[in-house]
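A quick write-up on the structure given underneath.
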Amino acid sequence: QVQLVESGGGSVQAGGSLRLSCAASGYRVSSGCMGWFRQAPGKEREGVARIRLAFRSTYYADSVKGRFTISQDNAANTLYLQMNSLKPEDTAMYYCAAVRPGASLCSIEEADFHYWGQGTQVTVSS
C-alpha cells in the first residue's frame, strides 16, 4: 500500500522560505515520477513541479520557476520542495503525488498522478 505523507508547511512572511517533505512508503523514490501540486481556496489544484526520479529530471510551472526546487533523497525515500522568495500568492494547500509504477508519463498534469498525500498548508503573509 502506497502512502505519501507531507510535512513542513507553515506560516511565513513574504520573501521567506520553507522546505516541504514527502515521506513515501510502499513507493520507491528512485524510479518513476513524483510531483508537487497546490490548491488555493476557491481555485483548482495546479501542478507546481515534477521530477522524473531515475534521471532527476525536473520541470516547473512558470509561476515558481527560479524560486522552487524539487529534489529527492533515495536513501530517505523522501521527496522535497524547497520554496524560496515566497509570495502571498503561493498560499495554498500543497500536495505530494506519484504516478503508478511503470507509468511512462511524467508531467504536472493532475490526471497523470495516481497516489496523493493528505496535504500540508503553506500561508505567506505580506
Side-chain angles (χ1 to χ4, degrees):
Q1 182 179 358
V2 175
Q3 281 194 315
L4 304 175
V5 180
E6 303 96 333
S7 61
S11 297
V12 295
Q13 290 193 325
S17 298
L18 283 173
R19 188 175 81 154
L20 305 184
S21 299
C22 173
S25 59
Y27 194 92
R28 289 171 51 194
V29 180
S30 57
S31 63
C33 174
M34 296 185 74
W36 287 96
F37 292 76
R38 67 185 181 186
Q39 187 168 21
K43 295 188 176 181
E44 293 187 353
R45 189 153 56 183
E46 64 172 349
V48 173
R50 66 87 173 141
I51 184 166
R52 192 177 287 277
L53 298 163
F55 306 102
R56 298 180 186 258
S57 169
T58 59
Y59 181 86
Y60 298 93
D62 288 343
S63 58
V64 306
K65 202 172 294 182
R67 300 189 297 122
F68 290 12
T69 302
I70 187 171
S71 64
Q72 68 201 82
D73 183 331
N74 293 347
N77 214 44
T78 300
L79 183 75
Y80 299 102
L81 185 69
Q82 177 67 44
M83 307 186 295
N84 298 328
S85 302
L86 283 161
K87 305 175 181 180
E89 51 264 43
D90 294 319
T91 295
M93 185 72 78
Y94 282 72
Y95 299 90
C96 167
V99 304
R100 290 180 186 272
S104 59
L105 292 175
C106 188
S107 70
I108 54 170
E109 296 297 326
E110 184 175 348
D112 291 342
F113 291 80
H114 183 73
Y115 305 105
W116 293 85
Q118 83 289 349
T120 186
Q121 178 67 38
V122 171
T123 303
V124 184
S125 58
S126 58

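Not measured: the values here are computed from a predicted model. Atom set for the values below is all heavy atoms of this structure, side chains included, hydrogens, waters and symmetry mates excluded.
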Could you pull out the closest heavy-atom pair between [X] and [Y], with the gap in Å?
| X | Y | result |
| --- | --- | --- |
| Ala49 | Tyr60 | CB-CD2, 3.5 Å |
| Ser126 | Ala14 | CA-CB, 4.3 Å |
| Met34 | Ile70 | O-CD1, 4.1 Å |
| Phe37 | Gly47 | CD2-CA, 3.4 Å |
| Gly8 | Thr120 | N-OG1, 4.2 Å |
| Gln118 | Tyr95 | O-CE2, 3.5 Å |

Do any pairs count as a disulfide bond (SG atoms under 2.5 Å apart) and have a residue in residues 29-68, sequence neighbours left out, and if so which ones? Cys33-Cys106
If a pair satisfies disulfide bond (SG atoms under 2.5 Å apart) and one of its residues is in residues 49-96, list it, with sequence neighbours excluded. Cys22-Cys96
Counting only heavy atoms not in Lys65, do more than 12 sit closer than 6.0 Å to its NZ atom? yes
Rounded at 0.5 Å granularity, tell me how far [atom1] in [X] sits from [atom2] in [Y].
| X | Y | atom1 | atom2 | value |
| --- | --- | --- | --- | --- |
| Tyr27 | Leu53 | OH | CG | 6.0 Å |
| Thr78 | Leu4 | OG1 | CG | 10.5 Å |
| Phe68 | Thr58 | CZ | OG1 | 14.0 Å |
| Arg56 | Asn74 | CZ | CG | 5.0 Å |

Once salt bridge (Lys or Arg N to Asp or Glu O under 4.0 Å) is applied, do any residues pair with Arg67, and if so which ones, sequence neighbours excluded? Asp90
Residue pairs meeting side-chain hydrogen bond (donor to acceptor under 3.5 Å, both in side chains), one or both in residues 101-117, sequence neighbours left out, come to Arg45-Glu110, Arg100-His114, Ser107-Asp112
If a pair satisfies side-chain hydrogen bond (donor to acceptor under 3.5 Å, both in side chains) and one of its residues is in residues 9-26, list it, with sequence neighbours excluded. Ser17-Asn84
Answer yes if [X] and [Y] sit in the same cluster of Ile, Leu, Val, Met, Phe, Trp and Tyr residues linked by side chain heavy atoms under 4.5 Å apart, and no otherwise.
| X | Y | value |
| --- | --- | --- |
| Phe113 | Val2 | yes |
| Val48 | Val12 | yes |
| Ile108 | Leu105 | no |

Give the intermediate values and the outcome of side chain to side chain contact (heavy atoms under 4.5 Å, CB included) for residues Tyr80 and Gln82. CA-CA 6 Å; Tyr80 299 102; Gln82 177 67 44; over 6 Å; no
So, using side-chain contact (heavy atoms from CB on, under 4.5 Å) as the criterion, who are the partners of Ala92 when residues are at least two apart? Arg38, Ala40, Tyr94
